[in-house]
2 protein chains.
Amino acid sequence: MAKKTYLPHLAYDSVIFGFSDGELKILIMEYHNTGLFALPGGFVQKTENLNDAVLRGLHERTGITNIYLEQFYTFGDMARFKPEVMQTLLEANGIDAKGEYKWMLDRFVTVAYYALINYKDVTPRPDALSDSCEWYPIKKLPKLILDHKLIVEKAIQTLRDNLDRKLVGGNLLPKKFTMNELQKVYEAILGAKLRRTTFQRKMLAADVLKRHEKQFSGKAHKAPYLYSFKK
Amino acid sequence: MAKKTYLPHLAYDSVIFGFSDGELKILIMEYHNTGLFALPGGFVQKTENLNDAVLRGLHERTGITNIYLEQFYTFGDMARFKPEVMQTLLEANGIDAKGEYKWMLDRFVTVAYYALINYKDVTPRPDALSDSCEWYPIKKLPKLILDHKLIVEKAIQTLRDNLDRKLVGGNLLPKKFTMNELQKVYEAILGAKLRRTTFQRKMLAADVLKRHEKQFSGKAHKAPYLYSFKK
DNA sequence: TCATTATTGTCTCAATTTGTAACAATACTA
DNA sequence: TAGTATTGTTACAAATTGAGACAATAATGA
């Protein structure tokens, strides 16, 4: 955390999406004894690629490598400069905000990314300053520091815009999934119900799915096929 | 240009699109006595909004205010760190690269924007270090420094993706234009011919155009209507 | 064993959108 | 006043999407 190792004034924040219980969720960190909630973020080492810094941070927090990651906006307004917030975080952790960590009170421009991961693959790990790193449904987020709410909203908007174009929904599921599970992911992202038959036809016509064996659930009805994304 | 006034390690670059002679063009700067070409860019003052810094730079170079501007990506690879390039630029201008301007040889992360402007409204003005600031057709760009070619390609790709979604084509034309002129802008951006009747129907159905008086060109055929974008 | 139930995969037909061409209405020229 | 190039609109075909019907399961339970 020495000033020397990181680029000053530059940070990243990540909106990490997961899917469970039919809901879209994101990882939120809570800081010790402050009641402050924030997106997981970090800093960029002086000789490190920006994208690599984010992948490094995601790996530390989720244990996953090979993460679907997309940069979507860089936030650089002066309005997001509130040194008293960072000071609260540092002091709550018994760190002298006038010492080695003083650079963290400076103005930061932050590059925002979103990640799509399979909920089950993750065991959230808090970092040194934070109390917990937990999943929150996007409809029930706690109050977030600075402009992090805005960052989340822009992430969701970008994800929606990219959903059909980049066929990215599968990254929120295990390798193999049923058509119904995929549809539920789409519905959670778009915030709207979709028609079963139209959805199935569209996905099959897109020619991106590979069909596997059937999944027998033990329920009293026809078993659905399992699918995975090609390539 | 004193180090004190700007955020270190952070820059912006702008891909400024204009349309003339049926072609999409961008503004490129050439540096004195170096044969080096680059996108117009700049730095962010320590107490200035990122977006405002870009608008300020665009105003200085084009004289225009009220510019359509969109941020599209932040480039932060180490591969773009080539201090010898900036050193060449400074020395060609008789500036001691070891002095006050030494910070410009550092690593920079750059936030890239594209702008859409009406070609006729612009009188390109070079900045202190550059020789000229001129329009180049996107098909005939000179070799650009660093990763600026990549930045241009990503700008064009983003512009294409946003074309229908954000209906931004009109920003490249004067307030009033004919349907045919608008179609030519779309064709230049997409790099493909469009069908006249389908294009006209789509634009009218989108309900974003206001129809004005006819434009009499003096040619021996029916005069087209002029249109402007609503609001 | 065999009707019952819930869900799935596919098909059908209607509604809508898009592709393509035709056509009448200019605005000017010769 | 006929001829020419271009425009705005319409007409019809082709393709896509909406909405429902229907047969094919897997299990359950009489």
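Given the structure is predicted, the values throughout are model-derived calculations rather than measurements.
Counting only residues at least two apart or on different chains, the side chain to side chain donor-acceptor pair (under 3.5 Å) pairs with a member in residues 51-63 of chain A are A/Glu48-A/Arg56, A/Asn49-A/Asp52, A/Asn51-A/Tyr113, A/Arg61-A/Asp127. Under the salt bridge (Lys or Arg N to Asp or Glu O under 4.0 Å) criterion, the residue pairs touching residues 212-226 of chain A are A/Lys176-A/Glu213, with sequence neighbours excluded. Evaluation of the ring pair (Phe, Tyr, Trp, His ring centres under 6.0 Å) test over residues 15-36 of chain A, restricted to residues two or more places apart or in two chains, returns none. Residue pairs meeting the ring pair (Phe, Tyr, Trp, His ring centres under 6.0 Å) criterion with at least one partner in residues 206-231 of chain A, sequence neighbours excluded, are A/Phe177-A/Phe229. The ring pair (Phe, Tyr, Trp, His ring centres under 6.0 Å) contacts involving residues 118-157 of chain A comprise A/Tyr119-A/Trp135, where partners must be two or more places apart or lie in separate chains.
Taking every heavy atom of both residues into account, A/Pro174 and A/Asn118 meet most closely at CA-ND2, 3.4 Å. When all heavy atoms of A/Ser130 and A/Pro126 are compared, the pair lying nearest together is OG-CB, 3.4 Å. Between B/Gly41 and B/Asp13 the shortest heavy-atom distance is CA-OD1, 3.7 Å. Minimum heavy-atom separation, A/Tyr12 to A/Gly57: OH-CA, 3.2 Å.
Of all the residues in residues 172-191 of chain A, not one reaches under 4.0 Å from DNA chain D with any non-hydrogen atom. Contacts of residues 217-227 of chain A with DNA chain C (heavy atom under 4.0 Å): A/Ala220, A/His221, A/Lys222, A/Pro224, A/Tyr225.
Rounding to whole angstrom units, CD of residue B/Glu213 and P of C/dT26 are separated by 17 Å. Between A/Leu204 atom CG and C/dG9 atom P the separation is 9 Å, expressed in whole Å.
When DNA chain D is scanned 5' to 3' for any atom under 4.0 Å from a heavy atom of chain B, the first and last hits are D/dT4 to D/dA11.
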Would you give me the side-chain donor-acceptor pairs under 3.5 Å for residues 179-197 of chain B, sequence neighbours excluded?
residue, atom, partner, partner atom, Å
B/Asn180, OD1, B/Lys184, NZ, 2.8
B/Glu181, OE1, B/Thr178, N, 2.9
B/Gln183, NE2, B/Glu187, OE2, 3.1
B/Gln183, NE2, B/Leu194, O, 3.0
B/Glu187, OE2, B/Leu194, N, 2.9

Side-chain donor-acceptor contacts of residues 162-172 of chain A below 3.5 Å, not counting sequence neighbours, with atom names and distances?
residue, atom, partner, partner atom, Å
A/Asn162, OD1, A/Arg165, NH2, 2.7
A/Asn162, ND2, A/Tyr114, OH, 3.2
A/Arg165, NH1, B/Asp161, OD2, 3.0
A/Lys166, NZ, A/Glu70, OE2, 2.3
A/Asn171, ND2, A/Val168, O, 3.0

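In this structure, B/Lys154 has no side-chain hydrogen bond (donor to acceptor under 3.5 Å, both in side chains) partners at least two apart in sequence or on a different chain.
Side-chain atoms of A/Ser14 come within 3.5 Å of backbone N or O of A/Pro40 as a donor-acceptor pair.
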With B for base contact, S for sugar-phosphate-only contact and - for none (protein heavy atoms under 4.0 Å), nucleotides 13-22 of chain C reads -----BBBBB
